[in-house]
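FYI, side chains are in, hydrogens and waters are out, and symmetry mates aren't considered; it's all heavy atoms of this structure. For this chain, numbers begin at 1 and follow the sequence in order.
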Amino acid sequence: MRYRLLSVHAHPDDESSKGAATLAKYAAEGADVLVATCTGGERGDVLNPAMDRPDIRADLAAIRRAEMEAARVILGVRQRFLGFVDSGLPAAGEPLPEGCFARTPLTEAARPLVALIREFRPHVVVTYDETGGYPHPDHVRTHEVTAEAFDASADPSRYPGTGEPWRPDKLYYQGAFSKEWFQALHDGMTERGLESAIGPILAGWPDTAPKLDITTRVHCAEYFAVRDRALLAHATQIDPDAGFMAHPRDVERAVWPTEDYHLARSRVETELPENDLFAGLR
């Protein structure tokens, strides 16, 4: 039996920064892996100074689609855009743009994903938790849309005209970029006498930040290099000399060799903690 995994994200590059090594691992092991990207990232910033040029900004939507295709090939997965427009990240008090993803009514926003679930028929669906992983309106909306589609896709009375009903077995939330992950990297570098730039991140971590209960840790350190190549394919979004690319990979493999998830819903029996998103299905 070939297992199918659907990973739902807000923008191009999210699939490569959150759970990419897991996707590459399962694809290499023979699973059918599909990334659903809700928006085109049209209102995103150019985060790599080397790519911050007028010609790039003038055609950012097309460039981000090309970057997504390159990353998809590197990860060995399939990918589908759901066709919504990036909401951007308005400042506090500013309204969301008209027609953007985050302002689209829930049933309208979920409809393409319901259709995709009924077409692809995944056993496992992965997305963000209720916070979106961080408070970007498109990430929060992605969670809401995925939760709606996960439940609705099995009900023949809901979303008529979107294909034959299908009931996915498990729904997971991403556990990327936790405080514990940053702390482990920071400690791993300082213990080895290496300079760490993570200290200020930890010092500024809010006490009120929600903490996701991790139920499932997928060992995938051997695919971190694939993840990194996919990330760098999103050249407008990733500065190769800063941010996520700055910490030593041998330290990361030693102190945190997994990508982590919270099992939000399961229709099969499984024992926690897990080390496999397909636990209970194999």
Practice task
Output, in order, the C-alpha distance, side-chain angles, deciding distance and verdict of ring pair (Phe, Tyr, Trp, His ring centres under 6.0 Å) for His139 and Tyr134.
Solution key: CA-CA 7 Å; His139 283 246; Tyr134 79 108; 4.8 Å; yes
Practice task
With the side chain counted from C-beta on, respond yes when Leu277 and Tyr26 share a heavy-atom pair under 4.5 Å apart, and no when they do not.
Solution key: yes
Handout entry: Result of checking His9, Glu144, Gln174, His143 against Tyr128 for side-chain hydrogen bond (donor to acceptor under 3.5 Å, both in side chains)
Key = His9
Problem - Check ion pair Arg267-Asp169 (N to O, under 4.0 angstrom) - result: no
Exercise for the section: Using the test side chain to side chain donor-acceptor pair (under 3.5 Å), find all partners of Glu69 that sit at least two apart in sequence or belong to another chain. Expected result: Arg72
Completion exercise
residues 41-58 vs side chain to side chain donor-acceptor pair (under 3.5 Å), sequence neighbours excluded, gives Asp52-Arg57, Arg53-Asp55
Fill in the blank from the handout: side chain to side chain donor-acceptor pair (under 3.5 Å) pairs touching residues 102-113, sequence neighbours excluded, are Glu98-Arg103
Handout entry: Thr22 side chain to Tyr261 side chain, donor-acceptor N/O pair below 3.5 angstrom
Key = yes
Problem - Set of residues satisfying side chain to side chain donor-acceptor pair (under 3.5 Å) with respect to Lys18, sequence neighbours excluded - result: Asp14
Problem - Exceeds 12 heavy-atom contacts within 6.0 angstrom, atom CD of Glu195 - result: no
Handout entry: All side chain to side chain donor-acceptor pair (under 3.5 Å) counterparts of Thr216, not counting sequence neighbours
Key = Glu274
Exercise for the section: Return yes if some donor-acceptor pair links the side-chain N/O of Arg167 with the main-chain N/O of Ser153 below 3.5 Å, else return no. Expected result: no
Fill in the blank from the handout: Across all chains, not counting sequence neighbours, the side chain to side chain donor-acceptor pair (under 3.5 Å) partners of Arg78 are Asp32
